[in-house]
Protein chains: 2
Amino acid sequence: MSEDSAQAPSEGVLQRLGEFAARDRWPAKGWCRIERALEVIGTRSAMLVLRELFYGGTRFDEFTRRTGLSEAVVAGRLKQLHADGIVERRPYREAGKRTRDEYVLTERGRQLFPILVALMQWGETLRDDHRTGVELIHRDCEAPLTVQVRCTDGHRVPLEQGAVRIKDEDYVKSALGRK
Amino acid sequence: MSEDSAQAPSEGVLQRLGEFAARDRWPAKGWCRIERALEVIGTRSAMLVLRELFYGGTRFDEFTRRTGLSEAVVAGRLKQLHADGIVERRPYREAGKRTRDEYVLTERGRQLFPILVALMQWGETLRDDHRTGVELIHRDCEAPLTVQVRCTDGHRVPLEQGAVRIKDEDYVKSALGRK
DNA sequence: CTTCTAACTATGGTTTTCCATAGCCAGAAG
DNA sequence: CTTCTGGCTATGGAAAACCATAGTTAGAAG
């Protein structure tokens, strides 16, 4: 039967398929995309600086003032975000001022947008002081923004209809074999 | 003109509307939903435990073994996730074993799903070893999962079409006034 | 040349996060 | 009653993240 490799249906959670049903076969060690993402944007300071970048902030002093982070931390974070290809530095010049750099999101940085929206959406549910805070909206129709999980065929996918599997079982077997 | 409060169009970033154009009016201090979310799930250990919960893990030793975190950290994180209403404990009993608790996501916990998918999606773009790792798919059609930013009217909203504004400007003014 | 300022860097200390090791405890098995 | 095991707790210490304060530096202005 084709069901023998699937986990016992524990409700409301991803279904594990194939070899991944025996979860231990897959050592997240360096392969998990979540861990990978967190190495880059996994600190509070990184998220707050990113928030300001998405809100249109570009200058060093904006980041310190609006995030409440110390200058040292902001400097370090910008340096790291730059090294990771999330922001780029652009020299610019205001009249009567010296040349300085502004920071703008790269394409890779802009791809973080869904993460920020997802965090805001979930953070909204934590308390009920719904008069404070900001909201994201669609410029055209002014309707609030949300994130949705969909498959590439366009269906909305609630958690109960999701599943996980190892992308390339043959590769994983051979990679684990010679070790 | 209604444009005077909008920021200079810095390309590919959220447009700031209304009072929020002068960003300093809004002190994120305690009001930012992102900060709020990070207070609860802002650590690496919380994310890794959550990953296992979404993959269907329920038992203490699964979490330690599969995340590589120490027992103390897992215990502390489960305690916090429980206090924050993200997991619930359910006593259960295996034949011949003593009673213990398993951990399952609550509804609030399940609402973290888009965050996890968004992180995985972005983490995928960081390196190009595309044979490693797992993928999330739709059970029905087996197409891979993605997160999309949409407005509540159903339009897909790329970053350039997004905007931010303060939810309740009157409230913010009065709240900041008497302080 | 001196002054001023934005954008950093450096230093020291605190807090948070984490690991490793060891110990404890409840209850089923013997 | 003793043993064993899974699920923790306790302790000590290392490392990372962060803050506050105090410089430093490049260039424009005077």
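Lettering follows sequence order; numbering is per chain, from 1. A quick note: this is a predicted structure, and the numbers were derived from the prediction, not measured.
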Of A:Arg44 and A:Glu71, whose closest DNA chain D nucleotide lies nearer the 5' terminus?
A:Arg44
Looking only at C:dC18, D:dA17, D:dC8, the nucleotide nearest the B:Thr43 side chain is C:dC18
Would you say B:Ser45 places a side-chain N or O within less than 4.0 Å of OP1 or OP2 belonging to C:dC18?
yes
Ignoring backbone atoms, establish whether A:Tyr103 has a side-chain N or O less than 4.0 Å from OP1 or OP2 of C:dA7.
no
Electrostatic pair A:Glu142:B:Arg165 at N-O distance under 4.0 angstrom
yes
Rounded to whole angstroms, how far apart are NE2 on B:His82 and C1' on D:dC8?
15 Å
When A:Phe63 is tested against each of A:Arg77, A:Glu71, A:Glu52 for side-chain contact (heavy atoms from CB on, under 4.5 Å), which residue passes?
A:Glu52
Any base atoms under 4.0 Å from A:Gly42, or only sugar-phosphate, or nothing? Heavy atoms, all strands.
nothing
Taking OP1 and OP2 of D:dG6, is either one under 4.0 Å from a side-chain nitrogen or oxygen of B:Arg100?
no
Can you tell me the distance, in whole Å, between the CG atom of A:Leu48 and the C1' atom of D:dC19?
14 Å
Closest approach to the side chain of B:Leu69, judged atom by atom: which nucleotide of C:dC18, D:dG7, C:dA7 is it?
C:dC18
Which one, D:dC19, C:dC19, D:dC8, comes nearest to the side chain of B:Val73?
C:dC19
Atom pair distance, as rounded to whole Å: CZ in A:Phe60 and C1' in D:dA26
15 Å
Distance in angstrom units between A:Arg77 CZ and D:dA16 P, rounded
12 Å
Without decimals, in angstroms, what is the distance between B:Ile41 CD1 and C:dT17 C1'?
17 Å
For B:Asp61 and B:Thr64, does a side-chain donor sit closer than 3.5 Å to a side-chain acceptor?
no
Kindly say if A:Lys79 contacts the phosphate of C:dC8, meaning a side-chain N or O under 4.0 Å from OP1 or OP2.
no
Between B:Glu102 (CD) and D:dG6 (P), how many Å, whole number?
17 Å
Taking atom C1' of D:dC18 as reference, at what distance in whole Å does atom CE of A:Met47 sit?
17 Å
Ignoring backbone atoms, test whether B:Arg89 places a side-chain nitrogen or oxygen under 4.0 Å from the OP1 or OP2 oxygen of D:dC8.
yes
Please report, rounded to the nearest Å, how far the C1' atom of D:dT25 is from the CG atom of A:Asp101.
14 Å
Between A:Tyr171 and A:Trp31, how do the two ring planes meet: parallel, tilted or perpendicular, split at 30° and 60°?
tilted
Is there a donor-acceptor pair under 3.5 Å between the side chain of A:Glu62 and the backbone N or O of A:Thr58?
yes
